[in-house]
Amino acid sequence: MLGALTTLLVFQLLGEVIVQFGGWPIPGPVIGLLLLFFTLVLRGALAEPLRDTANGILQHLSLLFVPAGVGVMVHFSRVSGEWLPILAATIVSTALAMGVSALVMQWMIRRRKQGHGRSGDGEGGGA
Amino acid sequence: MTPRISDVWVYLSTTPLLGLTMTLLAYQAAYWVYQRAGFNPLLNPVLLAVAMLVTALHFTGTPYATYFDGAQFVHFLLGPATVALAVPLYLQFGRLKTLAFPLLVALLAGSVTAIVSAVGVAWLLGASSSTLLSLAPKSVTTPIAMGIAEKLGGIPSLTAVLVMFTGVSGAVMAKYVLDGLRITDHGVRGFAAGLSAHGIGTARAFQVSEQAGAFAGLGMGLNGLVTALLVPLLLVIWRWFA
(Lines give C-alpha, C1' and ligand atoms only; values in the text may rest on other atoms or scores of the structure.)
Protein backbone atom coordinates (compact mmCIF):
# COMPACT_ATOMS: atom_id res chain seq x y z
CA MET A 1 0.00 0.00 0.00
CA LEU A 2 2.87 2.38 0.83
CA GLY A 3 4.55 1.49 -2.45
CA ALA A 4 1.32 1.96 -4.38
CA LEU A 5 0.64 5.36 -2.81
CA THR A 6 4.20 6.38 -3.66
CA THR A 7 3.67 5.27 -7.26
CA LEU A 8 0.57 7.48 -7.54
CA LEU A 9 2.42 10.47 -6.04
CA VAL A 10 5.45 9.98 -8.30
CA PHE A 11 3.24 10.00 -11.39
CA GLN A 12 1.40 13.07 -10.12
CA LEU A 13 4.74 14.78 -9.55
CA LEU A 14 5.92 13.88 -13.06
CA GLY A 15 2.66 15.29 -14.43
CA GLU A 16 3.08 18.55 -12.50
CA VAL A 17 6.68 18.94 -13.69
CA ILE A 18 5.73 18.37 -17.33
CA VAL A 19 2.80 20.82 -17.12
CA GLN A 20 4.99 23.48 -15.49
CA PHE A 21 7.74 23.12 -18.08
CA GLY A 22 5.32 23.06 -20.99
CA GLY A 23 3.15 25.86 -19.60
CA TRP A 24 0.06 23.79 -20.48
CA PRO A 25 -3.44 24.71 -19.27
CA ILE A 26 -4.01 21.07 -18.17
CA PRO A 27 -3.88 19.96 -14.51
CA GLY A 28 -0.74 17.99 -13.62
CA PRO A 29 -2.65 14.96 -12.23
CA VAL A 30 -4.37 14.47 -15.62
CA ILE A 31 -0.95 14.13 -17.27
CA GLY A 32 0.03 11.79 -14.41
CA LEU A 33 -3.05 9.70 -15.19
CA LEU A 34 -2.04 9.41 -18.86
CA LEU A 35 1.57 8.52 -17.97
CA LEU A 36 0.50 5.80 -15.54
CA PHE A 37 -2.04 4.46 -18.03
CA PHE A 38 0.55 4.15 -20.81
CA THR A 39 3.05 2.62 -18.39
CA LEU A 40 0.51 -0.05 -17.44
CA VAL A 41 -0.35 -0.73 -21.09
CA LEU A 42 3.34 -1.06 -22.03
CA ARG A 43 4.08 -3.35 -19.09
CA GLY A 44 0.91 -5.33 -19.70
CA ALA A 45 0.60 -6.07 -16.00
CA LEU A 46 -0.90 -4.46 -12.90
CA ALA A 47 0.50 -5.13 -9.43
CA GLU A 48 -2.08 -6.25 -6.88
CA PRO A 49 -1.29 -3.54 -4.27
CA LEU A 50 -1.65 -0.76 -6.85
CA ARG A 51 -5.00 -2.15 -7.90
CA ASP A 52 -6.23 -2.36 -4.29
CA THR A 53 -4.99 1.11 -3.35
CA ALA A 54 -6.49 2.72 -6.47
CA ASN A 55 -9.82 1.00 -5.87
CA GLY A 56 -9.73 2.02 -2.20
CA ILE A 57 -9.26 5.72 -3.06
CA LEU A 58 -11.80 5.67 -5.89
CA GLN A 59 -14.45 3.99 -3.74
CA HIS A 60 -14.55 7.18 -1.68
CA LEU A 61 -13.93 9.68 -4.46
CA SER A 62 -17.06 11.60 -3.33
CA LEU A 63 -15.44 12.42 0.01
CA LEU A 64 -12.60 14.25 -1.73
CA PHE A 65 -14.98 16.83 -3.24
CA VAL A 66 -16.41 17.86 0.13
CA PRO A 67 -13.82 20.53 1.13
CA ALA A 68 -14.06 22.24 -2.27
CA GLY A 69 -17.85 22.02 -2.10
CA VAL A 70 -17.89 23.79 1.25
CA GLY A 71 -15.61 26.50 -0.18
CA VAL A 72 -17.91 27.04 -3.11
CA MET A 73 -21.00 27.49 -0.97
CA VAL A 74 -19.20 30.24 0.90
CA HIS A 75 -19.12 32.10 -2.44
CA PHE A 76 -22.80 31.43 -2.94
CA SER A 77 -23.63 35.14 -2.91
CA ARG A 78 -22.00 35.47 -6.35
CA VAL A 79 -24.89 33.49 -7.76
CA SER A 80 -27.79 35.12 -5.93
CA GLY A 81 -28.12 38.05 -8.37
CA GLU A 82 -28.76 35.84 -11.39
CA TRP A 83 -29.82 32.64 -9.71
CA LEU A 84 -32.66 31.78 -12.11
CA PRO A 85 -30.73 31.80 -15.43
CA ILE A 86 -27.77 30.13 -13.72
CA LEU A 87 -29.75 27.34 -12.10
CA ALA A 88 -31.84 26.71 -15.22
CA ALA A 89 -28.80 26.72 -17.52
CA THR A 90 -26.84 24.38 -15.27
CA ILE A 91 -29.56 21.80 -14.81
CA VAL A 92 -30.90 21.82 -18.38
CA SER A 93 -27.49 21.71 -20.01
CA THR A 94 -26.14 18.98 -17.70
CA ALA A 95 -29.15 16.75 -18.42
CA LEU A 96 -28.93 17.48 -22.17
CA ALA A 97 -25.18 16.81 -22.40
CA MET A 98 -25.63 13.54 -20.51
CA GLY A 99 -28.58 12.43 -22.62
CA VAL A 100 -27.06 13.40 -25.98
CA SER A 101 -23.69 11.74 -25.34
CA ALA A 102 -25.36 8.55 -24.04
CA LEU A 103 -27.78 8.32 -26.97
CA VAL A 104 -25.10 9.00 -29.59
CA MET A 105 -22.74 6.42 -28.09
CA GLN A 106 -25.44 3.77 -27.76
CA TRP A 107 -26.67 4.41 -31.28
CA MET A 108 -23.15 4.05 -32.71
CA ILE A 109 -22.50 0.83 -30.81
CA ARG A 110 -25.79 -0.69 -32.03
CA ARG A 111 -25.27 0.43 -35.60
CA ARG A 112 -21.85 -1.17 -35.68
CA LYS A 113 -23.11 -4.40 -34.15
CA GLN A 114 -25.71 -4.65 -36.90
CA GLY A 115 -23.15 -3.79 -39.58
CA HIS A 116 -20.58 -6.32 -38.39
CA GLY A 117 -23.09 -8.80 -37.03
CA ARG A 118 -22.58 -11.43 -39.70
CA SER A 119 -18.79 -11.21 -39.88
CA GLY A 120 -18.93 -12.48 -36.29
CA ASP A 121 -16.55 -10.20 -34.38
CA GLY A 122 -18.67 -10.28 -31.24
CA GLU A 123 -16.94 -7.31 -29.67
CA GLY A 124 -17.98 -5.03 -26.87
CA GLY A 125 -20.02 -7.49 -24.80
CA GLY A 126 -22.71 -5.56 -22.94
CA ALA A 127 -22.58 -4.74 -19.26
CA MET B 1 -8.61 24.47 37.23
CA THR B 2 -10.67 22.71 34.59
CA PRO B 3 -10.64 24.74 31.39
CA ARG B 4 -13.96 26.15 30.25
CA ILE B 5 -15.60 24.91 27.08
CA SER B 6 -14.81 28.15 25.29
CA ASP B 7 -11.09 27.69 26.08
CA VAL B 8 -11.13 24.19 24.63
CA TRP B 9 -12.95 25.54 21.58
CA VAL B 10 -10.40 28.31 21.12
CA TYR B 11 -7.60 25.75 21.24
CA LEU B 12 -9.27 23.24 18.91
CA SER B 13 -10.32 25.85 16.38
CA THR B 14 -6.67 26.71 15.77
CA THR B 15 -5.55 23.15 14.94
CA PRO B 16 -6.10 21.32 11.66
CA LEU B 17 -7.48 18.35 13.62
CA LEU B 18 -10.97 19.80 13.91
CA GLY B 19 -11.51 20.59 10.21
CA LEU B 20 -10.22 17.19 9.15
CA THR B 21 -12.28 15.25 11.69
CA MET B 22 -15.42 17.26 10.93
CA THR B 23 -15.04 16.50 7.22
CA LEU B 24 -14.70 12.75 7.80
CA LEU B 25 -17.56 12.67 10.32
CA ALA B 26 -19.89 14.70 8.10
CA TYR B 27 -19.14 12.52 5.08
CA GLN B 28 -19.67 9.28 6.99
CA ALA B 29 -22.92 10.56 8.47
CA ALA B 30 -24.02 11.62 4.96
CA TYR B 31 -23.02 8.26 3.52
CA TRP B 32 -24.92 6.45 6.26
CA VAL B 33 -28.09 8.40 5.42
CA TYR B 34 -27.53 7.73 1.70
CA GLN B 35 -27.11 4.00 2.36
CA ARG B 36 -30.15 3.88 4.67
CA ALA B 37 -32.24 5.52 1.93
CA GLY B 38 -31.34 2.70 -0.47
CA PHE B 39 -28.78 4.89 -2.33
CA ASN B 40 -31.45 7.37 -3.37
CA PRO B 41 -29.60 9.78 -5.72
CA LEU B 42 -31.47 12.76 -4.26
CA LEU B 43 -29.55 12.20 -1.02
CA ASN B 44 -26.17 12.54 -2.71
CA PRO B 45 -23.49 12.23 0.01
CA VAL B 46 -21.41 15.18 -1.29
CA LEU B 47 -24.47 17.42 -1.16
CA LEU B 48 -25.48 16.28 2.34
CA ALA B 49 -21.96 16.52 3.78
CA VAL B 50 -21.43 20.00 2.31
CA ALA B 51 -24.79 21.16 3.69
CA MET B 52 -23.92 19.85 7.18
CA LEU B 53 -20.49 21.49 7.17
CA VAL B 54 -21.69 24.84 5.81
CA THR B 55 -24.33 24.89 8.56
CA ALA B 56 -21.76 24.02 11.22
CA LEU B 57 -19.31 26.69 10.02
CA HIS B 58 -22.10 29.24 9.89
CA PHE B 59 -23.31 28.61 13.43
CA THR B 60 -19.85 28.46 15.00
CA GLY B 61 -18.72 31.51 13.04
CA THR B 62 -15.71 29.58 11.72
CA PRO B 63 -14.05 31.13 8.66
CA TYR B 64 -13.57 28.86 5.65
CA ALA B 65 -9.78 29.32 5.78
CA THR B 66 -9.67 27.88 9.32
CA TYR B 67 -11.77 24.90 8.27
CA PHE B 68 -9.63 24.34 5.18
CA ASP B 69 -6.45 24.14 7.30
CA GLY B 70 -7.72 20.71 8.28
CA ALA B 71 -9.81 19.79 5.25
CA GLN B 72 -6.85 20.35 2.90
CA PHE B 73 -5.55 16.88 3.76
CA VAL B 74 -8.67 15.39 2.20
CA HIS B 75 -8.64 17.89 -0.67
CA PHE B 76 -5.02 17.00 -1.45
CA LEU B 77 -5.99 13.40 -2.22
CA LEU B 78 -7.86 14.58 -5.34
CA GLY B 79 -4.48 14.62 -7.13
CA PRO B 80 -3.45 11.00 -6.44
CA ALA B 81 -7.10 9.94 -6.96
CA THR B 82 -7.03 11.43 -10.46
CA VAL B 83 -3.82 9.51 -11.21
CA ALA B 84 -5.46 6.37 -9.75
CA LEU B 85 -8.13 6.57 -12.49
CA ALA B 86 -5.47 5.04 -14.76
CA VAL B 87 -6.02 1.69 -13.01
CA PRO B 88 -9.71 1.06 -13.86
CA LEU B 89 -9.04 2.56 -17.28
CA TYR B 90 -6.29 -0.02 -17.85
CA LEU B 91 -8.58 -2.83 -16.64
CA GLN B 92 -11.20 -1.73 -19.21
CA PHE B 93 -8.61 -1.25 -21.96
CA GLY B 94 -9.88 -4.22 -24.00
CA ARG B 95 -13.36 -2.77 -24.26
CA LEU B 96 -12.14 0.80 -24.72
CA LYS B 97 -10.13 -0.15 -27.80
CA THR B 98 -13.16 -1.59 -29.57
CA LEU B 99 -15.24 1.47 -28.67
CA ALA B 100 -12.76 4.18 -29.67
CA PHE B 101 -14.85 5.59 -32.53
CA PRO B 102 -18.26 5.66 -30.75
CA LEU B 103 -16.53 7.27 -27.74
CA LEU B 104 -15.01 9.99 -29.90
CA VAL B 105 -18.28 10.88 -31.65
CA ALA B 106 -20.24 10.84 -28.37
CA LEU B 107 -17.55 13.04 -26.82
CA LEU B 108 -17.86 15.73 -29.49
CA ALA B 109 -21.67 15.63 -29.45
CA GLY B 110 -21.84 15.82 -25.65
CA SER B 111 -19.21 18.51 -25.33
CA VAL B 112 -20.83 20.86 -27.87
CA THR B 113 -24.26 20.22 -26.30
CA ALA B 114 -22.98 21.10 -22.81
CA ILE B 115 -21.41 24.40 -23.90
CA VAL B 116 -24.10 25.60 -26.32
CA SER B 117 -27.08 24.67 -24.15
CA ALA B 118 -25.62 26.21 -20.98
CA VAL B 119 -24.85 29.51 -22.69
CA GLY B 120 -28.05 29.39 -24.75
CA VAL B 121 -30.45 28.88 -21.84
CA ALA B 122 -28.79 31.55 -19.69
CA TRP B 123 -28.75 33.97 -22.65
CA LEU B 124 -32.47 33.43 -23.27
CA LEU B 125 -33.14 34.17 -19.59
CA GLY B 126 -31.15 37.38 -19.79
CA ALA B 127 -27.89 36.58 -18.00
CA SER B 128 -25.01 39.07 -18.26
CA SER B 129 -22.16 38.38 -20.67
CA SER B 130 -19.60 37.70 -17.91
CA THR B 131 -22.00 35.10 -16.49
CA LEU B 132 -22.36 33.53 -19.95
CA LEU B 133 -18.58 33.26 -20.32
CA SER B 134 -18.32 31.77 -16.83
CA LEU B 135 -20.98 29.19 -17.71
CA ALA B 136 -19.45 27.93 -20.95
CA PRO B 137 -16.86 25.54 -19.42
CA LYS B 138 -19.01 24.40 -16.46
CA SER B 139 -19.14 20.69 -17.35
CA VAL B 140 -15.40 20.10 -16.89
CA THR B 141 -13.20 19.58 -13.88
CA THR B 142 -12.59 22.74 -11.78
CA PRO B 143 -8.94 23.61 -12.61
CA ILE B 144 -9.53 23.34 -16.38
CA ALA B 145 -12.87 25.20 -16.19
CA MET B 146 -11.37 28.07 -14.17
CA GLY B 147 -8.48 28.34 -16.61
CA ILE B 148 -10.85 28.59 -19.59
CA ALA B 149 -13.11 31.16 -17.88
CA GLU B 150 -10.14 33.31 -16.95
CA LYS B 151 -8.78 33.36 -20.50
CA LEU B 152 -12.13 34.35 -21.98
CA GLY B 153 -12.92 37.12 -19.51
CA GLY B 154 -15.37 35.19 -17.35
CA ILE B 155 -15.20 35.12 -13.54
CA PRO B 156 -13.14 32.09 -12.40
CA SER B 157 -14.59 31.94 -8.87
CA LEU B 158 -18.13 32.02 -10.30
CA THR B 159 -17.11 29.21 -12.65
CA ALA B 160 -15.95 27.16 -9.63
CA VAL B 161 -19.44 27.53 -8.13
CA LEU B 162 -21.08 26.55 -11.43
CA VAL B 163 -18.81 23.52 -11.82
CA MET B 164 -19.87 22.35 -8.35
CA PHE B 165 -23.59 22.90 -9.17
CA THR B 166 -23.13 20.94 -12.38
CA GLY B 167 -21.40 18.02 -10.67
CA VAL B 168 -23.96 17.70 -7.90
CA SER B 169 -26.97 18.13 -10.20
CA GLY B 170 -25.48 15.62 -12.66
CA ALA B 171 -24.89 13.05 -9.92
CA VAL B 172 -28.44 13.54 -8.66
CA MET B 173 -30.07 13.39 -12.13
CA ALA B 174 -27.94 10.67 -13.79
CA LYS B 175 -30.09 7.71 -12.79
CA TYR B 176 -33.33 9.36 -13.89
CA VAL B 177 -32.00 10.74 -17.20
CA LEU B 178 -30.26 7.51 -18.22
CA ASP B 179 -33.08 5.22 -17.06
CA GLY B 180 -35.55 7.46 -18.91
CA LEU B 181 -33.57 7.03 -22.13
CA ARG B 182 -33.31 3.25 -21.50
CA ILE B 183 -29.51 3.24 -21.48
CA THR B 184 -28.46 -0.03 -19.82
CA ASP B 185 -24.80 -0.42 -20.81
CA HIS B 186 -22.62 0.55 -17.82
CA GLY B 187 -19.89 1.81 -20.13
CA VAL B 188 -22.26 4.22 -21.89
CA ARG B 189 -23.90 5.32 -18.62
CA GLY B 190 -20.55 6.02 -17.00
CA PHE B 191 -19.11 7.86 -20.00
CA ALA B 192 -22.14 10.17 -20.18
CA ALA B 193 -22.05 10.87 -16.42
CA GLY B 194 -18.32 11.68 -16.40
CA LEU B 195 -18.53 13.80 -19.55
CA SER B 196 -21.42 15.94 -18.29
CA ALA B 197 -20.70 16.04 -14.54
CA HIS B 198 -16.89 15.58 -14.29
CA GLY B 199 -15.45 14.22 -11.00
CA ILE B 200 -18.67 14.21 -9.00
CA GLY B 201 -20.41 12.31 -11.80
CA THR B 202 -17.41 9.96 -11.87
CA ALA B 203 -17.61 9.42 -8.11
CA ARG B 204 -21.29 8.55 -8.55
CA ALA B 205 -20.44 6.10 -11.35
CA PHE B 206 -17.89 4.31 -9.16
CA GLN B 207 -20.67 3.68 -6.64
CA VAL B 208 -22.46 1.70 -9.37
CA SER B 209 -19.68 -0.38 -10.93
CA GLU B 210 -15.99 -0.37 -11.79
CA GLN B 211 -16.80 -0.33 -15.50
CA ALA B 212 -19.10 2.68 -15.15
CA GLY B 213 -16.40 4.42 -13.09
CA ALA B 214 -13.64 3.73 -15.61
CA PHE B 215 -15.69 5.08 -18.51
CA ALA B 216 -16.75 8.08 -16.42
CA GLY B 217 -13.11 8.92 -15.67
CA LEU B 218 -12.39 8.73 -19.38
CA GLY B 219 -15.38 10.97 -20.21
CA MET B 220 -14.27 13.52 -17.63
CA GLY B 221 -10.65 13.62 -18.86
CA LEU B 222 -11.49 13.79 -22.56
CA ASN B 223 -14.18 16.42 -22.11
CA GLY B 224 -11.69 18.57 -20.18
CA LEU B 225 -9.33 18.56 -23.16
CA VAL B 226 -12.02 19.02 -25.83
CA THR B 227 -13.83 21.82 -23.97
CA ALA B 228 -10.58 23.76 -23.62
CA LEU B 229 -10.31 23.69 -27.43
CA LEU B 230 -14.01 24.09 -28.29
CA VAL B 231 -15.05 27.01 -26.07
CA PRO B 232 -12.73 29.58 -27.71
CA LEU B 233 -13.70 28.23 -31.15
CA LEU B 234 -17.45 28.43 -30.47
CA LEU B 235 -16.98 31.93 -29.06
CA VAL B 236 -15.42 33.07 -32.34
CA ILE B 237 -18.34 31.59 -34.30
CA TRP B 238 -20.84 33.21 -31.90
CA ARG B 239 -19.25 36.66 -32.24
CA TRP B 240 -19.18 36.23 -36.00
CA PHE B 241 -22.95 35.73 -36.09
CA ALA B 242 -23.93 38.17 -33.34
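All values derive from a computational prediction rather than experimental measurement. Naming: A, B, ... by sequence-line order, numbering from 1 per chain. All values below come from the heavy atoms of this structure, side chains included, with hydrogens, waters and symmetry mates left out.
- In this structure, chain B has heavy atoms under 4.5 Å from both the backbone and the side chain of A/Leu61.
- Both the backbone and the side chain of B/Ser128 come within contact range of chain A, with heavy atoms under 4.5 Å apart.
- Residue contact with chain A, scored on non-hydrogen atoms closer than 4.5 Å, is absent for B/Arg189.
- Surrounding CZ of B/Phe101 are at most 12 heavy atoms belonging to other residues, nucleotides or ligands under 6.0 Å away.
- Using a 4.5 Å cut-off between heavy atoms, B/Val177 contacts chain A through its side chain alone, with no backbone atom that close.
- Residue B/Ser134 does not touch chain A at all, counting heavy-atom pairs closer than 4.5 Å.
- For B/Tyr90, the parts lying under 4.5 angstrom from a heavy atom of chain A are both the backbone and the side chain.
- Residue B/Gln72: no heavy atom, backbone or side chain, is found under 4.5 Å from chain A.
- At a 4.5 Å heavy-atom cutoff, B/Lys97 makes no contact with chain A through either its backbone or its side chain.
- With a 4.5 angstrom heavy-atom cutoff, B/Leu135 touches chain A only via side-chain atoms.
- Using a 4.5 Å cut-off between heavy atoms, B/Gln28 makes no contact with chain A at all.
- The neighbour count for A/Leu42 CG, taken as heavy atoms of other residues, nucleotides or ligands under 6.0 Å away, is above 12.
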